[in-house]
Amino acid sequence: SHEVEIISSSNKKESFVKEGIKISYGSIFSISNVKADVIHYISQPTPLIIPLLIRAKAKRQIMTILGGCLNSFWKRPWDLFLSRLVNKKIKLITVQTDYQMNLLRRTKLNVPSKKIPLLINIIERKGEKSSVPSLLYMTHMEELKGINEVLDAFVSLRGRINGLKLIIADSGMTKNSKLYKKIQRDRKSVV
């Protein structure tokens, strides 16, 4: 039996137990003072984990990268510093697809890596297929996550596919006012 605690950065600071597991939220600095046998980051290299990588005390640190294209972290301005830190602290990186593994080999990370079974099962379609053709964008609406390419594709395809809709699933959609205004200008058939 192992004691497990889930920690995540948040503007609010709170701890509670759910299904027997302690869950703690706090600032990136308040949650970084961790002592554990194993720390498992379910993330990609991001500035948010720097305090944890620097301050956390653990016998072993593992990182599982969920982002399909590793969130393109190696293209970001902070990659050089963060990759050095990950190479120093992380003992194993796990990914779930061959595509991710090939991308990982192109980065500055030289940590041993392993492909593991998918953490989220492939979802099979249930029910009727919609008669309305649509593009679905389901992530934070950021330029680094490909929203401009999706919008350009939508504008290009809208003239060729009758009734095409673009569905954007992002609860923080209005935070990026420049992109939100661009969508408002091209709002025909956008849900």
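Minimum interatomic distance between Q100 and L66 (heavy atoms only, all atoms of both residues): NE2-O, 3.4 Å. Across every non-hydrogen atom of P51 and F29, the tightest pair is CG-CE2, 3.9 Å. Scanning both residues, L82 and P45, for their nearest heavy atoms gives CD2-C, 3.3 Å. In terms of heavy atoms, G26 sits closest to I31 at N-CG2, 3.7 Å. Here the closest heavy-atom approach between residue I49 and residue Q44 is recorded as CD1-O, 4.2 Å. Q96 and P117 make their closest contact through CG-O, 4.0 Å (heavy atoms, listed as atom of the first residue, atom of the second, distance).
By the neighbour-count criterion of 12 heavy atoms within 6.0 Å, atom NZ of K13 is sparsely surrounded, having that number or fewer from other residues, nucleotides or ligands. Atom CG of N102 has more than 12 neighbouring heavy atoms from other residues, nucleotides or ligands inside a 6.0 Å radius.
S83 places a side-chain N or O within donor-acceptor distance of the main-chain N or O of D79, the cut-off being under 3.5 Å. Looking at N87, its side chain does come within 3.5 Å of a backbone N or O of N110 through a donor-acceptor pair.
At a threshold of 4.5 Å between non-hydrogen side-chain atoms, the residues L53 and Q61 count as touching.
Within the model, atoms CD1 of I90 and CZ of R60 stand 10.0 Å from one another, a figure rounded to the nearest 0.5 Å.
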